[in-house]
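Quick notes on the structure that follows.
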Amino acid sequence: MDSSTSFERKKHIRFFSRILQILPHRYSILDTSRLTITFFALSGLDVLNALDHLSEKNKQEIIEWIYSLQVIPNEAESNTCKCGFRGSTCNGVTTPQYAKAMESTNEYDSSHIAMTYTGLASLLILSDDLQRVNKKACLEGIRALQLPDGSFKSTYDGSENDMRFIYCACCVSAILNDFSAIDTAQATSFIRKSLCYDGAFGQGPGLESHGGSTFCAFASLKLMKTLNSALSKQQLKWLEYWCVSRQKMGFHGRPHKDDDTCYSFWVGATLKLLGVFELIDFKENEEFVLSTQDNIVGGFAKWPQIHPDALHSYMGVCGLSLMGLHNLQPIDPALNVTQRVRTHMEELHAKWAAAETRKLQTTSMDRSRTKSSTIDRTHTGTVVLAFVIGLGAVVVPWIYKVYFRHAT
Amino acid sequence: MSSSSDEDESYKMYKDRPEWNDVKSVPQDDGPAPVVQIAYSEKFKDVFDYFRAVMAMNEKSERALELTGSAIELNPANYTVWHYRREVLKALKKDIAVEMKFLSQIIMEQQKNYQVWHHRRALVEWSQDFSEELDFTADIISRDQKNYHAWQHRQWVIQEFEQWDGELDFIDKLLEQDVRNNSAWNERYFVIEHTTGFTDEVVEREIEYAIKKINLATKNESAWSYLRGVLQDKGLTWSKSLCDQIHSWRGEGLRSPHLAAFLLDMFDEDLEKKKCDVNKTMDKVRSLCKELAEDTDTVRRKYWNFVLQRMTKEYEVK
């Protein structure tokens, strides 16, 4: 594999397009997370400004497949704690198209928080309006995953809990424009406790600081809007220093580990959110990422000279996008989607807010109309009664006169 | 259990096993146009067709346990299989020690898989038997010094079961092998934080420890971060012996960028507390930032120029 420094846009487009179709059987270990792979491929194409390489039919098919992964409430609504999105249909449950409720529920059918996040993000990327998402149930599913210490597990039946899933919870809440399902104070507390002595964040309290968990922690604080209460000016300075220190040529995730393409995003995006991304060495970073490019099949790998994979390919493209290179679409560093998708999301939020306002207005108008129509009915009734009584006062004597006076 | 081999002649597909005749397997329903399909092997499809059936029936039997074993071998990342296996183990009241032996072999093959480590924690929580955990995590760490899962599990065991004794010795040995092992440095902070705490005495001791290690490798970021870390509450200029050492190193011509950065932060503290002559100190700050940006830490030159600008704006007498 030679280290050509030209960016192979067409090959990356083909790489991501192929992933959306089929992976060889050695990727069976990704069976439960096919939805995250879908996200990497779709968002990758989006950053490459190449979503139009998918036909409208194909896009619609992908949307349908994603909705088939939505875990929706059963008729009794007893499983809302498990609602959200599955990673695939491997556990034997497929949600029927347009179903509002599941007729029966498999006890083991449950959402996974990362799939809920990437499922929603993927729908947005495909310009879906999320109408078919049961938002209330999704949020109940998120709420059920938060632990007393403020962190999140990934599935209702139990899993490890760490910074990754706090981030997923924050992204879901941001997309659905509703943070009521998260105890943001507790989540912020967990994040603060995970601040390592060296200035960055581990996966949890006491754990080694790491580029991935640092991104998840900082982006979560941004999304929850609790950054100002969480970190002091001094702590922000130390975090900046830790992040810029992660650059050797590209970026690595922990001191004395090798540079790895994905950290060009994890650490790069953190620096963007800190407002100091411009301080890194762009040339060295670009050179490293391109050295991990597969010039034959496209995509990027974690290191030079090894096989590319979906995650590193997506992160590689994002890492380059952060630097504004190769005509890549700008990305929102907190949500890890293109700005275009962020704008689409905000437009949906505005629509939902307007619909909510109209609903409230209609409800209050209905209430006052019901009140006035009751008055009207009563008023009308009185008039009719008065008329009938009046009529009777005239008609009854006449009947008497006509029928009874003459009979005698 | 060895890794999966489709060529293993003794292996029989579940559909060909007479003891499974009563079960109707459940193929995956991926819909009319699935996305990111996987070209599963026949063996994989067979195992998971039966797993889907067993889950739907909620069968908690010996054969179900064996089936989860086959499923795990093919996809150890399927967290639902692991969860179901735990349910079966509980229902059958299986010996956890036996399960732990099975699990340890899998972890050896899948050292960076989240599900296997979660299963291990679940077993230890269930049995409350942590007797093998420190040795096991030490073994994994010996193969991969920075395995995050191993360190995480180790920290959990130590904290949960209060097994702090001996951990500092363990860390010392690791740092002797590799003084740049950031995971070991982190563990040191973790142990002290939860045992003695960072009292004045302990901080002085840890400063001496860090200085010794820095003398072995002056550009070791981990040792310098540790030094900052132990002083984060007291301030970098708190210890006179450290201040002397810093200036002594500079005097010897030590060009470590971490030393220069540490000194810069010490000046920042002095300036903030108004403990020094602003102009003289800012001259030194300028010189340090220039050294870092142009000579010893050029990949971060824009950052060091930014730091200079920031400090100039904040402290320079107009």
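Since this is a predicted model, take the numbers as computed values, not measurements. In what follows, chains carry the letters A, B, and so on, assigned in the order in which the sequence lines appear, proteins first and then strands, with residues in each chain numbered from 1.
Interatomic distance, B:Gln232 CD to A:Leu195 CG, rounded to the nearest 0.5 Å: 7.5 Å. Rounding to the nearest 0.5 angstrom, the gap separating the CG atom in B:Asp29 from the SG atom in A:Cys90 is 12.5 Å. Distance check, rounded to the nearest 0.5 Å: CD of A:Gln203 to NE2 of B:His149 gives 9.0 Å. Rounded to the nearest 0.5 angstrom, A:Ser28 OG and B:Asn78 CG are separated by 11.0 Å. Atom NE2 of B:His83 and atom OG1 of A:Thr155 lie 8.0 Å apart (nearest 0.5 Å). Atom CD of B:Gln37 and atom CD1 of A:Ile22 lie 4.5 Å apart (nearest 0.5 Å).
The aromatic rings of A:Tyr108 and B:Tyr84 sit perpendicular to each other, their planes meeting at more than 60°, with 30° as the lower class boundary. By the 30° and 60° cut-offs, the orientation of the rings of B:Tyr303 relative to A:Tyr241 is parallel.
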Going through the distances and angles, do A:Asp281 and B:Arg301 end up as a side-chain contact (heavy atoms from CB on, under 4.5 Å)? CA-CA 8 Å; A:Asp281 188 320; B:Arg301 69 190 164 292; 3.3 Å; yes
Test side-chain contact (heavy atoms from CB on, under 4.5 Å) applied to A:His210 and B:Tyr148, step by step: CA-CA 10 Å; A:His210 181 284; B:Tyr148 207 94; 4.2 Å; yes
Residue pair A:Asp157, B:Arg86: steps toward the salt bridge (charged side-chain N to carboxylate O under 4.0 Å, His left out) verdict: CA-CA 11 Å; A:Asp157 288 328; B:Arg86 283 191 284 277; over 6 Å; no
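Contact of A:Ser154 with chain B is not made at all, since no heavy-atom distance falls under 4.5 Å. No part of B:Gln159 comes within reach of chain A, as not one of its non-hydrogen atoms sits under 4.5 angstrom from that chain. A:Val276 touches chain B through its side chain: at least one heavy atom from C-beta onward sits under 4.5 Å away, while N, CA, C and O do not. Looking at A:Leu207, the atoms closer than 4.5 Å to chain B (heavy atoms on both sides) sit in the backbone and in the side chain alike. Using a 4.5 Å cut-off between heavy atoms, A:Arg164 contacts chain B through its side chain alone, with no backbone atom that close. For a residue to count as touching a neighbouring chain, one of its non-hydrogen atoms must lie under 4.5 Å from one of that chain's; by this rule A:Ser68 does not touch chain B. B:Trp304 touches chain A through its side chain: at least one heavy atom from C-beta onward sits under 4.5 Å away, while N, CA, C and O do not.
Counting non-hydrogen atoms of other residues, nucleotides and ligands closer than 6.0 Å to CZ of A:Arg192 gives a total of 12 or fewer. Surrounding NZ of B:Lys219 are at most 12 heavy atoms belonging to other residues, nucleotides or ligands under 6.0 Å away. The number of heavy-atom neighbours closer than 6.0 Å to NZ of B:Lys273, taken from other residues, nucleotides and ligands shown, is above 12. A:Lys283 NZ: 12 or fewer foreign heavy atoms inside a 6.0 Å radius.
The side-chain tip of B:Arg188 does not point at the ring of A:Tyr197 from less than 6.0 angstrom away and within 45° of straight on.
Among B:Asn220, B:Asp49, B:Val26, B:Thr298, the residue with the largest count of heavy-atom pairs under 4.5 Å with chain A is B:Asn220. Chain B forms more heavy-atom pairs under 4.5 Å with one residue of A:Glu107, A:Gln247, A:Lys257, A:Met249 than with any other, namely A:Gln247. Of the listed residues B:Glu187, B:His194, B:Gln152, the one with more heavy-atom pairs under 4.5 angstrom with chain A than any other is B:Gln152. With chain A as partner, the option from B:Arg52, B:His119, B:Glu87, B:His118 having the largest number of non-hydrogen pairs under 4.5 angstrom is B:His118. Of the listed residues (A:Ile19, A:Asn106, A:Asp198), the one with the most heavy-atom contacts under 4.5 Å to chain B is A:Ile19. By number of non-hydrogen pairs under 4.5 angstrom with chain B, the leading residue of A:Arg18, A:Glu61, A:Gln97, A:Arg26 is A:Glu61. For the set A:Glu64, A:Arg254, A:Lys248, the count of heavy-atom pairs under 4.5 angstrom toward chain B peaks at A:Arg254. Chosen from B:Pro27, B:Ser183, B:Ala261, B:Ala53, the residue pairing most often with chain A at heavy-atom distances under 4.5 Å is B:Ser183. For the set A:Ile62, A:Asn91, A:Thr38, A:Ile37, the entry with the most heavy-atom pairs within less than 4.5 Å of chain B is A:Asn91.
B:Lys302 places a side-chain N or O within 3.5 Å of a backbone atom of A:Glu278 that can act as its donor or acceptor partner. Between the side chain of A:Arg34 and the backbone N or O of B:Val36, at least one donor-acceptor pair lies under 3.5 Å. In this structure, the side chain of B:Gln155 engages the main chain of A:Gly206 through a donor-acceptor pair within 3.5 Å. A donor-acceptor pair is defined here as one N or O able to donate and one able to accept, closer than 3.5 Å; no such pair exists between the side chain of B:Arg180 and the backbone of A:Pro255.
When side chains are defined from C-beta on, A:His256 counts as touching B:Lys146, because their heavy atoms get closer than 4.5 Å. Considering only heavy atoms from C-beta on, B:Asn182 comes within 4.5 Å of A:Glu208 through its side chain. Under the 4.5 Å side-chain criterion, counting only non-hydrogen atoms from C-beta, B:Tyr114 is in contact with A:Asp162. In this structure, the side chains of A:Ser159 and B:Tyr79 stay at 4.5 Å or more apart for every pair of heavy atoms.
A salt bridge links A:Lys237 with B:Asp268: the distance from a Lys NZ or Arg NE/NH1/NH2 to an Asp or Glu carboxylate oxygen falls below 4.0 Å. No salt bridge links B:Arg300 with A:Glu284; every basic N to acidic carboxylate O contact stays at or beyond 4.0 Å. Note on B:Glu221 versus A:Arg246: salt bridge recorded, some NZ/NE/NH1/NH2 to OD/OE distance being below 4.0 Å.
The two atoms that bring B:Asn75 and A:Ile29 nearest to each other are OD1-CA, 3.3 Å, heavy atoms only. The heavy-atom pair separating B:Phe306 from A:Glu240 by the smallest distance is CE2-OE1, 3.9 Å. For the pair A:Tyr27 and B:Ile38, the tightest heavy-atom approach, listed with the atom from each and the gap, is O-CD1, 3.5 Å.
For A:Thr89 and B:Asp30, the side-chain atoms include at least one donor-acceptor pair closer than 3.5 Å. B:Tyr40 and A:Asp31 are linked by a side-chain donor-acceptor pair at a separation below 3.5 angstrom, with hydrogens and angles left out of the test.
Ring centroid separation for the pair B:Phe44 and A:His25 does not come in under the 6.0 Å cut-off.
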